[in-house]
Amino acid sequence: MKKRSIFAKLVTVPLTMISFIFLIVGTSVSAGVLEELIVGLQDQDIEKEDLYNKHQTQSADLRLQLEDVRNTQPVDKAEVTALRQQIKALGKEQKAEKSLLAALHKRDKSKLKLDIRRAKGAVEAPEPDHEFNALLELVDGANIEDADGVPVGGEVGIATFGNRYDIEVVIAGITSAQEVETIELQNCTTGESFLSLDLSDRKLLGEVITGPEIPPQPVHFIVGPPEPLPELSLLKFNLRLKDAMLTALIDENLCAPVVFTSHVVSHPDGAITGSFIDHLRFEALEYLLDPSFLPEPVVVNRNFETQGSLSDLVVADNKALEQLGKALFWDVQVSSDNKVACGSCHSLAGADWRTKNQFTEGPGNLLATLSSFPLPNGSVLGSQGVINEEYVDIVLGDRDLCNSLGDDFRQRTGRQAPTVINSAFNVFQFWDGRAHRFFNGENPFGPADTDAGVYKAVGGVNGSIVKDTDFLVDISALASQATGPATSHVEMACGPDDGIRFFPQIAAKLFDGAVMPLGLQGVHADDSLLAEFANTTGTNKGLTVNYQALIMDAFQEQYWNSVDTVSLDDPKKGYAVDYSLMEANFSFIFGIAVQAYERTLLSEDSKFDQFARGEVDLTENEKEGFSRFLSGGTSCNECHDGPLFTTATLQFQLAEPVEAMRLANSQGMGLYDSGFYNVGVTATEEDLGRGREDLPFGLISLSAQSNNGDDSQWPHLPLLSASEAKAQVKGHMKVPTLRNIELTAPYFHNGKYLTLEDVVAFYTRGGDFPGNEDLDPAIRPIGQLSGKPGRQAKIAAWMRTLTDERILRRAAPFDQPEIEVPNGHIYNGSGYDDDMVTLEATGENGATPPLFETFFERVGGTVPDIIED
């Protein structure tokens with residue numbers, strides 16, 4: 001499942017059911033809901049049958065073991081006793097599971113029947129009286145330890161709806177559930193009791209698993225806050241909410257005494273008591289971005305066995321590597337025409353701000369204006385790259401030699417340029433995720449390209465050069481991605497096809513004696529990474545050190561130093577050309593270096609982060625927006641979860657690469673790649689996204705690979721047949737981060753919407769293409785927001801608190817060299833010239849006002865006032 005709330009840590013149910021866990025009445029029902037709801041009721045019978053079969057199998061296995069022991073002479077009486085105890089314990093566990101499933105079905109059936117009546121027009125969907133989600137942290141008694149020395153802690157989660165509420169209590173760090181006697185909810189001041197959970201019968205314990213089982217994947221990296229498994233979880237649904245309890249909840253005056261049998265000595269009261277803290281700030285703590293959670297890349301072989309860290313096996317100096325990466329990222333000399341760098345499409349907030357010649361279709365050089373939005377269906381705002389020309393050869397010290405094909409305007413990509421800021425936490429890069437987690441040293445396609453590898457000097461500088469194809473770098477999708485645009489005939493290279501100009505040629509051009517890094521661009525004297533090399537004398541530009549020296553400082557010698565050469569086929573000339581080891585390895589060097597620089601672009605100082613740390617406060621509108629974002633009724637954080645506000649990150653995808661659920665308009669179970677969803681922003685056939693089938697090394701979707709029984713591209717990939725769960729990934733795109741979202745308009749992969757209010761309204765109505773078969777089931781009208789533009793605007797207001805102001809000022813680590821960026825073309829009377837716009841170099845303190853305008857500002861976008869509904 002995409003997002004597991006506190007109420008789903010022990011219970012996994014299909015998304016058709018999870019949407020009802022909080023029982024938020026008021027969700028509008030679409031035209032075809034009757035059939036879907038009936039299917040949901042039928043699913044309950046399947047779940048009961050599955051649970052029955054599971055229990056029968058478990059019981060039969062234990063009875064067979066017991067029979068075998070009895071028939072073995074001499075009989076092991078101790079083992080017989082142990083097996084009987086296991087059978088008895090299993091019976092209790094199975095009883096609890098059946099009770100819990102029955103309770104879930106009772107709730108779901110009630111909600112389903114109500115929605116069926118609404119679909120028939122029998123009743124209106126009432127607005128909830130209130131909805132309040134909160135967490136109670138057990139803060140007192142923090143020094144209490146269990147028998148194993150583990151501190152005891154826990155939390156209580158409450159969701160209220162109308163005059164009812166749900167509750168889950170999780171206690172961690174206890175050796176046995178038997179140690180808990182009672183848990184209560186009471187007024188902290190008066191002691192008035194609202195709920196007492198008596199654990200003597202253990203009826204609230206249990207676990208229910210439905211659908212095809214996909215085991216959690218082994219994760220070898222710490223990629224987020226550690227979450228110890230709770231030894232005890234208690235769930236109670238649909239309880240009567242007293243006004244006094246609601247008052248205590250809102251006033252943060254609710255306590256949960258938890259009475260243990262074994263802590264009388266260490267805690268004389270025999271209880272741990274905690275009180276509700278600011279529930280918004282408590283929730284916000286889960287979303288704090290800690291750069292230390294980003295694991296270091298490691299080198300693995302093709303069997304995914306770790307060989308060692310990148311720092312130990314490849315890198316000579318990490319700071320030198322970051323410096324090299326920053327120079328390569330911003331250097332326009334990497335492109336064929338000396339006008340396009342990686343940074344050209346990522347020059348402000350890590351994304352593209354340009355307004356002219358960005359429309360993918362049409363005559364070119366069109367201007368995006370306020371009236372362009374929302375874009376008509378089928379229209380895309382991409383990013384302009386190079387003019388379509390035929391590549392001939394490199395010219396040392398100058399732009400490439402390319403023949404004109406008669407085009408006036410620069411080509412445009414088929415999708416928006418996603419931000420590179422915080423992208424280091426993504427498992428895959430590009431909207432469709434084709435840039436793989438495992439970098440193969442040459443291109444974006446990871447293990448799928450079995451011929452890709454890294455050249456090494458064996459036996460020192462006078463030894464021979466070998467190509468190691470049993471070499472992958474994990475946690476390196478950024479390196480995989482970096483190798484794509486530089487050889488793309490649309491983005492940075494003359495063509496007419498990708499790869500006609502390949503990396504050893506780029507290296508030969510950059511290594512020429514007349515070329516200095518960033519030689520066409522100014523570098524600020526206080527640049528946070530490059531200051532020591534900045535050439536700031538007079539009108540001089542670039543750095544005072546060449547690329548070869550930077551590479552020598554950054555990489556271990558075996559990757560660049562050899563008297564031997566590498567003979568490589570020239571894609572254009574049709575014959576082999578000899579290259580130095582440094583030139584032959586330049587795709588590897590380029591990818592690893594750019595990745596090292598991009599891993600420094602982490603933003604963890606937004607207003608929201610400051611709020612979570614208790615340094616500032618949010619406005620009441622921002623607080624309400626955050627509360628509604630977290631609400632079970634909106635489901636926003638099902639996909640936008642974790643510190644990056646996206647599930648397309650290491651924290652989620654390493655543990656659960658594929659997931660099974662019934663998609664919105666499908667009958668059977670669908671298999672999809674975690675962190676990639678079809679949200680109905682465009683017709684699926686216009687862009688297949690994760691489901692594309694036109695790439696050189698086959699399907700990129702892990703779900704499709706799973707159906708095909710192919711686990712060669714992902715370690716321990718769960719293999720499910722199409723009959724168990726069919727891959728449904730067409731039109732699925734990577735979930736973007738919400739951090740700094742205010743600065744990266746227009747939105748979605750096609751740039752369809754201009755404002756955050758437009759985006760919230762899109763989700764409120766259930767998307768623009770609700771009928772496609774690969775649609776995420778969470779894309780449906782949102783009752784609590786429908787017809788409530790004020791509520792929608794408050795969610796947008798909260799999203800604007802995710803802006804790190806250092807990015808807008810282009811201050812460290814987001815400072816940058818000077819760059820001239822082509823923003824469309826100007827007619828000169830006989831033809832067209834590039835309309836070049838300069839972003840000045842900034843140092844670690846950033847730019848001074850007026851700051852460079854975002855896309856949103858350039859087209860005249862305004863933030864509307866929030867009007868109370």
Side-chain angles (χ1 to χ4, degrees), residues 216-226 290-322 324-325 422-429 433 435-450 452-456 466-483 551 554-560 585 587-602 644 648-657 674-675 702 711-717:
Q217 302 302 292
V219 177
H220 304 293
F221 309 97
I222 298 175
V223 293
D290 186 342
S292 69
F293 293 152
L294 182 61
E296 181 184 356
V298 295
V299 176
V300 302
N301 61 23
R302 294 270 175 170
N303 292 323
F304 308 115
E305 297 166 334
T306 300
Q307 308 300 297
S309 71
L310 189 71
S311 292
D312 290 338
L313 299 182
V314 174
V315 179
D317 185 282
N318 277 299
K319 182 180 179 182
L321 187 67
E322 292 169 358
L324 172 63
N422 298 318
S423 62
F425 283 95
N426 290 136
V427 178
F428 300 101
Q429 305 295 343
H436 206 281
R437 153 191 176 182
F438 293 101
F439 179 41
N440 62 28
E442 293 190 41
N443 57 51
F445 301 110
D449 184 354
T450 56
V454 177
Y455 294 96
K456 298 178 182 178
V466 299
K467 184 176 183 179
D468 187 356
T469 58
D470 194 21
F471 186 103
L472 300 168
V473 187
D474 197 5
I475 315 299
S476 292
L478 283 175
S480 297
Q481 185 277 332
T483 61
I551 292 171
F555 284 86
Q556 295 181 18
E557 196 170 1
Q558 62 179 318
Y559 298 100
W560 54 264
N585 257 348
S587 58
F588 175 65
I589 291 168
F590 188 92
I592 294 297
V594 169
Q595 170 172 270
Y597 165 61
E598 290 179 326
R599 283 169 59 92
T600 70
L601 303 179
L602 306 180
L644 277 300
T649 58
L650 298 163
Q651 179 181 351
F652 297 96
Q653 289 179 313
L654 290 187
E656 200 166 21
S674 299
L702 296 178
D711 60 358
S712 64
Q713 298 184 47
W714 187 277
H716 312 292
L717 179 68

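If you're wondering where the values come from, they're calculated on a predicted model, not measured in any experiment. Side chains are part of it too, since the values below use all heavy atoms of this structure and drop only hydrogens, waters and symmetry mates.
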Original post:
So Phe304 and Asp474, side chain to side chain contact (heavy atoms under 4.5 Å, CB included) or not? Walk me through it.
Top reply: CA-CA 9 Å; Phe304 308 115; Asp474 197 5; over 6 Å; no

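- The two residues Gln556 and Val315 make their nearest non-hydrogen contact at NE2-O, 3.3 Å.
- Closest of all the heavy-atom pairs between Leu702 and Pro657 is CD1-CB, 3.8 Å.
- The line from CG of Asn426 to CG of Leu478 is 7.5 Å long, rounded to the nearest 0.5 Å.
- Taking CZ from Phe555 and CD1 from Ile589, the interatomic distance works out to 5.5 Å, rounded to the nearest 0.5 Å.
- Inspection of the Asp312 and Ser309 side chains reveals an N or O donor paired with an N or O acceptor under 3.5 Å.
- Side-chain atoms of Asn301 come within 3.5 Å of backbone atoms of Asn303 as a donor-acceptor pair (strictly under, hydrogens ignored).
- Leu472 CG to Asp449 CG: the interatomic distance, rounded to the nearest 0.5 Å, is 10.0 Å.
- Inter-residue side-chain proximity for Ile475 and Phe438 is flagged as unmet; no heavy-atom pair is nearer than 4.5 Å.
- In this structure, Phe588 has its ring center closer than 6.0 angstrom to the ring center of Tyr559.
- Atom CG of Asn422 sits about 12.5 Å away from atom CZ of Arg599, to the nearest 0.5 Å.
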Original post:
Would Glu442 and Thr483 count as a side-chain hydrogen bond (donor to acceptor under 3.5 Å, both in side chains) if you check the C-alpha gap in whole Å, the side-chain angles of each, and the deciding distance to 0.1 Å?
Top reply: CA-CA 7 Å; Glu442 293 190 41; Thr483 61; over 6 Å; no

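- Side-chain contact, Ser423 with Glu598: no donor N or O sits under 3.5 Å from an acceptor N or O.
- Using a 4.5 Å heavy-atom threshold, the side chains of Arg437 and Leu654 count as touching.
- Taken to the nearest 0.5 Å, the CG atom of Asp290 stands 10.0 Å off from the CG atom of Leu602.
- Side-chain contact between Ser587 and Asn443 is absent, with no heavy-atom pair separated by less than 4.5 Å.
- Residues Thr450 and Thr469 approach most closely at O-CB, 4.0 Å, considering heavy atoms.
- Side-chain contact between Leu313 and Gln307: present, with at least one pair of heavy atoms (C-beta onward) separated by less than 4.5 Å.
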Original post:
Does the side chain to side chain contact (heavy atoms under 4.5 Å, CB included) test come out yes or no for Phe439 and Val299, once each step is laid out?
Top reply: CA-CA 9 Å; Phe439 179 41; Val299 176; over 6 Å; no

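- Under the 3.5 Å distance criterion, the side-chain polar atoms of Glu322 are left unmatched by any main-chain donor or acceptor of Thr600.
- In this structure, Val427 and Thr649 have side chains that are not in contact, with every pair of non-hydrogen atoms separated by 4.5 Å or more.
- Taking all atoms of both residues into account, the shortest heavy-atom contact from Ala424 to Leu650 is O-CD1, 4.3 Å.
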**OP:** Tell me, with the steps shown, if Ile592 and Leu310 meet side chain to side chain contact (heavy atoms under 4.5 Å, CB included).
**Re:** CA-CA 9 Å; Ile592 294 297; Leu310 189 71; 4.0 Å; yes

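- Annotation: the span from Gln653 atom CD to Phe428 atom CZ amounts to 6.0 Å, rounded to 0.5 Å.
- Salt bridge status for Arg302 with Asp470: absent, with no side-chain N to carboxylate O gap under 4.0 Å.
- Taking the six-membered ring for Trp and the full ring otherwise, Phe445 and His436 have centroids separated by 6.0 Å or more.
- Scanning both residues, Phe471 and Val473, for their nearest heavy atoms gives CE2-CG2, 3.8 Å.
- For the residue pair Gln429 and Ser480, no side-chain donor N or O sits within less than 3.5 Å of a side-chain acceptor on the partner.
- Of all non-hydrogen atoms in Gly446 and Asn440, the two that sit nearest each other are O-ND2, 3.0 Å.
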